[in-house]
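Note: hydrogens, waters and symmetry copies are ignored here, and every other heavy atom, side chains too, is used. Naming convention: chains lettered A, B, ... in sequence-line order (proteins, then strands); numbering from 1 in each chain.
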2 protein chains.
Amino acid sequence: MQHRVVIGLNAVVTALMGGEPHVLCVRREDGWGLPYGAFDPVRHRTFEIGMRDFVSRQTALTLGYAEQLYTFGDEGREAPLASLSGGEASDRIVSVGYLALSPEAGSTGRREVAWRSWYDHFPWEDRRRGDEALGPILDALMAWAAGEASRQARIALAFGQAEEGWQEERALDRYELMYEAGLVPEAERDGHAGGRRMADDGAMTSDHRRILATAIGRLRGKLRYRPVIFELVPDPFTLSDLQEAVEGVLGFCVHKQNFRRAVEATGLVRKTGETAQGTGGRPAALYARARVPVTAGLGLTLPRLRAECA
Amino acid sequence: MQHRVVIGLNAVVTALMGGEPHVLCVRREDGWGLPYGAFDPVRHRTFEIGMRDFVSRQTALTLGYAEQLYTFGDEGREAPLASLSGGEASDRIVSVGYLALSPEAGSTGRREVAWRSWYDHFPWEDRRRGDEALGPILDALMAWAAGEASRQARIALAFGQAEEGWQEERALDRYELMYEAGLVPEAERDGHAGGRRMADDGAMTSDHRRILATAIGRLRGKLRYRPVIFELVPDPFTLSDLQEAVEGVLGFCVHKQNFRRAVEATGLVRKTGETAQGTGGRPAALYARARVPVTAGLGLTLPRLRAECA
DNA sequence: CCTACTTATGCTCTAGTTGAGCAAATATCC
DNA sequence: GGATATTTGCTCAACTAGAGCATAAGTAGG
């Protein structure tokens, strides 16, 4: 039977290591990729159950929060996956992508499975040290867009040159432009005109960098209206810990005093009464998640990108 | 071969009729359902292409904007679909749901295909005439939640009893509560304890009411950060037309003068110079979409639900 | 102990945004 | 012409968010 459809599951498992967002990756012959498992309708009542099952079997990790991201089914994505799924090259491989958050980056249990920083794969998404790194990228993009107004407009919108400025959640728009312009390693593999590569991590399996970009954008957007950051920061924490986590996810820094004002206004946290040691300064009060009062706000009020970290 | 996986496509095609949001539905033996088509990996390079193809063949409509909503794959959803997909009852039927917007509710071309108002299927999502209709629903929900604090908290959050008030985009949360509490027709069909039914349109096919709830919530949320409303309101339009459309989608009314201030501030519209006739009052200026200047805001600044329409 | 330095925390000030309503303009209906 | 309806311009107060000053309370090194 030719041209079957096979359903796979991909997980973008994210956890913080020292305040930096990391993603669980698998080293394969063709480069880094996301954990992948076939979906078995007999064993798994839902996609999410299937995803948790194969992650826990491949990696010795237990996941916390999870949500469906997107289902990837474009023709042409399967070739690099055929060997993974045990199917034939003519099969259409559809992947249901999931975002999963873990409160700690535990041992992966296997050598070929590793935690990788988000920003190893997306250096242009980290604006905490300023925007100098963005210059060459914009130059390369503008060269690609030469004379084409619609490309120029897309670039301006995605990379924060327009009125609304840098929108951290548009990571996928930025990746798509980079891919089309041939600035990511996959572009060359897939036969697109290659410019200078702006990520030096090698090509990622299939469309896994796209899936990761989707996850980054989704999580960043979600921070503003759901208290998901606590899924990454276990109790107890200081407000500086929380801020560092938020800044890591957002990829830019926020005003310290305003951040604490915003967090305290949500009613989502409570002081434990303890303080943290060894901060090299005044000890910070420790906080924990409040058992969510129904009267609480649902997300953090976060500013947009202004400047680099102090 | 038992337990195959079959991929289907579902479209939530939305258009306005007289300012009211409608959805394209198909009348089947078991009640109203969404247009459904099998995904054929040979003929269709992407899901979206497949979805557009089967919609245009089933309904004589051409779609405009489209986006993927969610992929529905839970066990148990397939039984009511088996006859549609020509598969066996043991197949797992996975549906990729799409939201599609059409600038006009044209003729459907077939008798069993009809435009149905969103609010025929979700009466509790329409708050334009006030909140009296919500009373009995809340009573029934609270009866179901009796003594269970977590259920009560979910109800309060979903139905706007908490601090942040009514959040129009949480249509799916509300539907899930209604389903669990046995207040929608599908609950009885699926063997859940049935309370009083709060929608009298009969059970919808499979989980199609859930897919519709997902679409309503997605579109409502999107209004705030993308100018999607223009996909539903063709040029030229008056600001009152635009406001009526927004109110129809949101399910509540907004302050007229503030709405125009917000729209004009986006830079997304321009006056055509013409005026509309027969409004029964001062003629309204006609507007059209501006060729989006890169300096434009990306969505409308919309208020939250305050009171019923004036 | 004293000084320099670091981080945490409290508070204020200002600019901008948002919610609400008054009032005038310009049509239709009788 | 007068009543009524709708559009449109404008003002004002309350609230929000961005930025910075000042103080508190530790550590590190003499």
Side-chain angles (χ1 to χ4, degrees), chain A residues 19 163-166 223-225 236-247 250 252-267 269-287 297-310, chain B residues 19 163-166 223-225 236-247 250 252-267 269-287 297-310:
Chain A
E163 192 190 81
E164 44 278 337
W166 177 267
L223 275 195
R224 293 181 182 275
Y225 60 97
F237 49 82
T238 68
L239 293 188
S240 292
D241 292 338
L242 202 64
Q243 181 176 356
E244 189 184 34
V246 165
E247 290 174 339
L250 291 181
F252 62 84
C253 295
V254 301
H255 183 106
K256 197 178 189 55
Q257 295 95 317
N258 291 347
F259 178 79
R260 20 172 61 243
R261 177 175 60 187
V263 170
E264 285 172 334
T266 62
V269 301
R270 59 168 224 277
K271 276 194 163 116
T272 66
E274 318 270 295
T275 57
Q277 304 300 327
T279 52
R282 173 172 171 173
L286 286 172
Y287 286 76
L298 285 173
L300 300 174
T301 303
L302 296 171
R304 291 288 177 179
L305 170 65
R306 294 278 149 164
E308 61 191 286
C309 292
Chain B
E163 192 190 83
E164 44 278 337
W166 177 265
L223 275 196
R224 293 181 182 274
Y225 60 95
F237 49 81
T238 67
L239 292 188
S240 292
D241 292 339
L242 201 64
Q243 181 175 355
E244 189 185 35
V246 165
E247 290 175 339
L250 291 181
F252 62 83
C253 295
V254 301
H255 182 106
K256 197 176 192 50
Q257 296 93 317
N258 291 347
F259 178 78
R260 22 174 58 241
R261 175 175 64 188
V263 170
E264 284 172 336
T266 62
V269 300
R270 58 168 223 278
K271 277 195 163 112
T272 65
E274 319 268 295
T275 57
Q277 305 300 330
T279 52
R282 175 172 171 173
L286 285 172
Y287 285 77
L298 285 174
L300 300 174
T301 303
L302 296 171
R304 290 289 177 178
L305 169 65
R306 292 279 150 163
E308 62 190 284
C309 291

- Task: Would you indicate, yes or no, if dT6(D) has its OP1 or OP2 atom less than 4.0 angstrom from a side-chain nitrogen or oxygen of K256(B)?
- Result: no
- Message: In whole Å, I'd like the distance from the CD atom of Q243(A) to the C1' atom of dT7(C).
- Response: 12 Å
- Distance in angstrom units between R282(A) CZ and dA28(D) C1', rounded: 19 Å
- Message: Could you tell me if the side chain of C253(A) sits less than 4.5 Å from the side chain of Q243(A), heavy atoms only?
- Response: no
- Selection from dA25(D), dC11(C), dG9(D) that lies nearest to any side-chain heavy atom of P283(A): dA25(D)
- Does OP1 or OP2 of dC11(C) have a side-chain N or O of R261(A) closer than 4.0 Å? no
- Task: Scan A285(A) against the nucleic acid and name what it touches under 4.0 Å (heavy atoms): base, sugar-phosphate only, or nothing.
- Result: sugar-phosphate
- Just wondering, do L286(A) and T238(A) contact through their side chains at under 4.5 Å, heavy atoms? yes
- Message: Tell me the interatomic distance from N258(B), atom CG, to dA14(D), atom P, rounded to whole angstroms.
- Response: 16 Å
- Message: With heavy-atom distances below 4.5 Å as the criterion, would you say the side chains of R261(B) and N258(B) are in contact?
- Response: yes
- Query: Quick one: on DNA chain C, does K271(A) or G281(A) contact a more 5' nucleotide (nearest heavy atom)?
  - Reply: G281(A)
- Find the distance Y287(A):OH to dA8(C):C1' and express it as a whole number of Å. 10 Å
- Rounded to whole Å, CZ of F259(A) lies from P of dA8(C) at a distance of 12 Å
- Query: Is Q277(A) touching bases, backbone alone, or none of the nucleic acid, heavy atoms closer than 4.0 Å?
  - Reply: nothing
- Message: Rounded to whole Å, please give me the gap between CD in Q257(A) and C1' in dA22(D).
- Response: 10 Å
- Query: Starting at CD of E264(B) and ending at P of dT7(D), how long is that distance when rounded to a whole Å?
  - Reply: 13 Å
- Calculate the interatomic distance between H255(B) atom NE2 and dT8(D) atom C1'; express it in whole Å. 12 Å
- Can you find a heavy atom in the side chain of D241(B) that is under 4.5 Å from one in the side chain of Y287(B)? no
- Message: Any base atoms under 4.0 Å from S240(B), or only sugar-phosphate, or nothing? Heavy atoms, all strands.
- Response: sugar-phosphate
- Does the side chain of E164(B) pick up a donor-acceptor pair with the side chain of Y225(A) at under 3.5 Å? no
